[in-house]
Every structure is written in structure tokens, then in C-alpha cells.
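So you know, we letter chains A, B, ... as the sequences are listed, proteins then strands, and number each from 1. Because the structure is a prediction, the values reported are computed rather than measured.
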Number of protein chains: 2
Amino acid sequence: MSDPVTGTGAEPRWLDAEQQRHWRTYLEGVSRFIEALGREHERHLSVSLNEYELLVRLSESPTGTVRMSVLADGLAHSRSRVTHTVGRMEARGLVKRVATPGDRRGVDCVLTDTGRRTLVSEAPAHVAAVRRLMVDALTPEQFAALGDAMAVVARTCREAEPD
Amino acid sequence: MSDPVTGTGAEPRWLDAEQQRHWRTYLEGVSRFIEALGREHERHLSVSLNEYELLVRLSESPTGTVRMSVLADGLAHSRSRVTHTVGRMEARGLVKRVATPGDRRGVDCVLTDTGRRTLVSEAPAHVAAVRRLMVDALTPEQFAALGDAMAVVARTCREAEPD
DNA sequence: CGTACGTAGTTGAACGTTCAACCGACTTCG
DNA sequence: CGAAGTCGGTTGAACGTTCAACTACGTACG
């Protein structure tokens with residue numbers, strides 16, 4: 001019970017003790033994990049986690065080419081962020097930019113040979129870290145449950161943020 | 001397989017298709033969720049998600065006082081980050097800083113009346129968003145499984161990063 | 001005592017993301 | 001055709017985090 005926070009009328013449904021514990025654990029886990037994985041990248045790899053994921057997306061296209069906006073949507077990043085990230089990667093020779101054929105607004109991001117070599121040589125360390133810090137630390141059932149739960153959350157957020 | 005780490009001799013154990021799917025889903029879910037929750041804060045609340053969590057920590061101390069380093073550890077943030085965050089919040093009157101009694105190196109962060117009022121008035125919107133975007137979107141079992149999985153990940157990362 | 005080392009917190013610069021403003025190119029429709 | 005609106009991408013400034021260097025205090029050990 002509590003307060004007379006007028007105006008809102010509705011008494012908010014607080015989280016119970018157990019929910020609150022799960023929520024805190026979620027926050028801590030996510031924070032520590034991205035921090036640990038990011039640190040792994042900056043210590044042992046030449047590309048950051050974000051850059052790595054971008055390289056992976058490019059490598060999955062048969063031509064090593066993905067349009068900037070598709071990259072942005074796929075990575076759930078803003079267009080501006082992708083512009084800056086690709087700009088930095090281009091300066092290092094990992095990718096290059098070419099005009100999209102048929103749409104003069106568009107820009108295609110293309111994986112260079114250097115970029116592909118970098119990805120191939122650094123993938124093992126990346127996967128090893130992901131395994132060590134998450135996949136292998138969980139039982140297969142736990143990992144699957146984690147994936148399923150986050151799928152629901154992702155969908156919910158996508159609907160809430162139709163952008 | 002799984003040979004000694006000598007050289008690069010080891011064939012990396014890649015993720016299988018299903019694991020990869022879960023991993024991607026995890027990344028997307030986490031990214032979209034923090035983005036959606038952060039946006040909720042910046043749209044409807046006067047404090048960011050990080051600042052809110054800091055206020056909560058302070059409010060849980062009977063005296064509204066928590067030492068900077070305890071804050072940093074509890075939030076899994078660097079000391080520097082807490083210094084900057086508290087500096088900005090102090091400038092807005094939400095918290096204040098006082099010397100830790102008995103240890104002249106220490107600094108205690110104290111919740112002000114303004115800070116407490118802010119927390120009380122904005123908590124409902126925060127909780128509503130957390131519920132809408134995550135807790136209520138999942139079944140109780142899913143949410144519990146998510147919490148349990150992240151507890152393991154958090155512990156693993158804490159051990160990997162004893163810092 | 002004093003030297004050396006660890007802890008607590010701050011500082012300022014560098015870096016990456018966000019935001020708003022912008023421009024050129026496509027589309028719709030009168 | 002031409003105007004209005006949308007889409008794709010870039011730009012530069014503002015903001016928050018990280019990093020390395022630094023001050024000051026505490027602790028251990030000779």
C-alpha cells in the first residue's frame with residue numbers, strides 16, 4: 001500500500017520479491033556478460049563486438065554485400081550508427097562502400113578481402129568466448145529457455161517500438 | 001577433440017544451427033529491450049535507467065546513504081562511471097556527497113529529499129514499462145528460467161573477470 | 001618510523017552512440 | 001508534369017562511458 005500519488009489513480013502492480021530478484025539478476029547478468037565479451041574482443045581481437053557482428057552479416061551474403069539499411073535493421077542499430085561504424089571500418093580497409101545498383105539513394109556495404117580474412121582468423125576466439133561465458137556455462141535446456149524467453153521479449157519490444 | 005591450447009591447432013567447436021539461432025535471438029532481444037526501456041525513461045521520466053537504478057540502491061539503505069564504491073560494485077559499473085553519474089545527479093539536486101565517517105578516502109552518496117520524491121513519483125512508470133516489455137510478456141516459468149540462466153551467466157562472468 | 005603497496009575517488013581526454021538537421025533520390029497523386 | 005511526402009544515408013555536435021594518470025589515504029612489513 002502506499003502512496004497517494006494522485007493523478008495516476010491506479011495503484012501500480014509492483015514486482016513481488018521473487019520477480020524483483022529475477023529482474024536484478026537479469027540486469028546484472030546482461031551487464032556483466034556484454035562487458036566480459038566486449039573485453040575479450042578488445043583484448044584478443046582487432047574488431048569490437050559490434051564490428052564483428054557486422055562482418056558476420058556481410059559474410060552471410062553470397063556476394064559479401066549488404067545494404068546499409070538492411071545492416072541497420074538486422075543489427076537493430078540506428079542508420080546513423082551504422083554509417084559511423086562502417087566509416088571507421090572502411091578507414092581500416094575491412095569494408096568498402098559502393099552505390100546500390102538501381103537505387104541511387106542506396107549504399108551497399110561490401111566485405112573486402114582483408115575484412116574476410118580478419119573474420120576468419122578471429123571467429124574462433126569469438127566463439128570460444130561466447131561458449132565459455134554463456135553457452136557452455138548453461139545446460140542445453142537453460143540456453144534454449146533463455147533463447148525462447150528473449151524471442152518473446154524481442155517481439156514485444158519490436159511491437160512496442162514499431163520503428 | 002578439445003586439444004590443448006597450444007598454438008591454434010584446435011578446431012573450434014562452432015555453434016550448431018539451433019545454438020546460433022538462440023544466440024542471435026539473445027543479442028537481438030537484449031538490444032531491443034534495453035533500447036525500448038531506455039526510450040521509455042527518456043520519454044516519460046526525468047532520470048535515465050542508470051540513474052534510476054542508482055536512486056533505487058540509495059533508497060534501499062535505511063539512511064539513504066551508500067558509499068561510492070559499493071554503488072559501483074552493486075551496479076556493476078566502474079568507479080569512474082559512478083563518479084560522473086553522481087556528479088551529474090548532484091548538479092540536479094537528486095543526491096549529495098559527504099565524506100565517509102572513519103575513512104577519509106571514502107565518499108558517501110546520499111539521497112536528497114528531491115531525489116526521493118523523484119524516485120517515488122517515477123517508480124510506477126518504470127515498473128509498468130518493465131512489466132509490459134518483459135515480465136508480463138513472459139509466463140512466470142519463462143521469466144524464472146530467464147532469471148536462473150542469467151544468474152549462471154553473471155556468476156561465470158564474475159569469475160572470468162575477477163575485477 | 002618509513003617505505004612500499006593497495007584502496008578510494010577524481011579528472012580530462014578519447015571514443016562511440018544518439019540526436020536533430022539536412023540533402024538527394026524515389027513515390028504518390030492532383 | 002509538378003508538388004508534397006517519404007525513404008536512405010550522412011553530418012556534426014552533444015552526451016555518456018572508458019581509459020590512463022593522478023591525488024590522497026590506509027595498511028603491512030622491514
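For the residue pair B:D108 and B:T65, no side-chain donor N or O sits within less than 3.5 Å of a side-chain acceptor on the partner. Of the N and O atoms on the side chains of A:E122 and A:S46, at least one donor lies less than 3.5 Å from an acceptor on the other residue. Judged purely by distance below 3.5 Å, without hydrogens or angles, the side chains of A:T63 and A:S61 pair a donor atom with an acceptor atom.
In this structure, A:S48 reaches neither bases nor backbone, as no heavy-atom distance under 4.0 Å exists between it and the strands shown. Within the 4.0 angstrom heavy-atom criterion, only backbone atoms of the sugar-phosphate kind lie near A:E42; the bases stay farther away.
Between its opening and closing five pairs, the helix from C:dC1-D:dG30 to C:dG30-D:dC1 changes axis direction by 10°, a value rounded to 10 degrees.
Put simply, B:V70 and B:V110 are part of two different groups of oily side chains (I, L, V, M, F, W, Y) that touch within less than 4.5 Å, one to the next.
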Listed pairs, N/O of protein and of nucleotides 7-15 of chain C, under 3.5 Å:
from	atom 1	to	atom 2	distance (Å)
C:dT7	O2	B:R105	NH1	3.3
C:dA8	OP2	B:R79	NH2	3.4
C:dG9	OP1	B:R67	NE	3.4
C:dG9	OP1	B:V107	N	3.0
C:dG9	OP1	B:V107	O	3.1
C:dG9	OP2	B:S69	N	2.8
C:dG9	OP2	B:S69	OG	3.0
C:dT10	OP1	B:R97	NH1	2.8
C:dT10	OP2	B:T83	OG1	2.6
C:dT10	OP2	B:R97	NH1	3.4
C:dT11	O4	B:S80	OG	3.1
C:dG12	O6	B:H84	NE2	3.2

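Look at A:R104 and you'll find a side-chain N or O under 4.0 angstrom from OP1 or OP2 of C:dC26. Between B:R39 and the phosphate of C:dC19, there is a side-chain N or O to OP1/OP2 separation shorter than 4.0 Å.
Between the CG atom of A:L49 and the C1' atom of D:dT18 there is a distance of 16 Å, rounded to whole Å. One atom, OH of B:Y52, and another, C1' of D:dG16, lie 21 Å apart when rounded to the nearest Å. Atom NE2 in B:H77 sits roughly 14 Å away from atom P in D:dC19 (whole-Å rounding). When the C1' atom of C:dT18 is taken as reference, atom CZ of B:R43 falls 14 Å away, rounded to whole Å. When the C1' atom of D:dC19 is taken as reference, atom CD of A:E35 falls 13 Å away, rounded to whole Å. Distance CG (B:L75) to P (D:dG16): 16 Å, rounded to an integer number of Å.
Between A:L58 and A:V95, the shortest heavy-atom distance links the atoms CD1-CG1, 3.5 Å.
In this structure, A:R116 has no side-chain hydrogen bond (donor to acceptor under 3.5 Å, both in side chains) partners at least two apart in sequence or on a different chain.
Screening B:H41, B:R92, B:R88 against B:E51 for a side-chain hydrogen bond (donor to acceptor under 3.5 Å, both in side chains) leaves a single residue, B:R92.
Side-chain contact between B:L15 and A:R131: present, with at least one pair of heavy atoms (C-beta onward) separated by less than 4.5 Å.
Between B:E35 and B:R39, at least one side-chain nitrogen of the basic residue sits less than 4.0 Å from a carboxylate oxygen of the acidic one, meeting the salt-bridge criterion.
Checking A:R81 against A:G102, the closest nucleotide of DNA chain C that is more toward the 5' end is the one next to A:R81.
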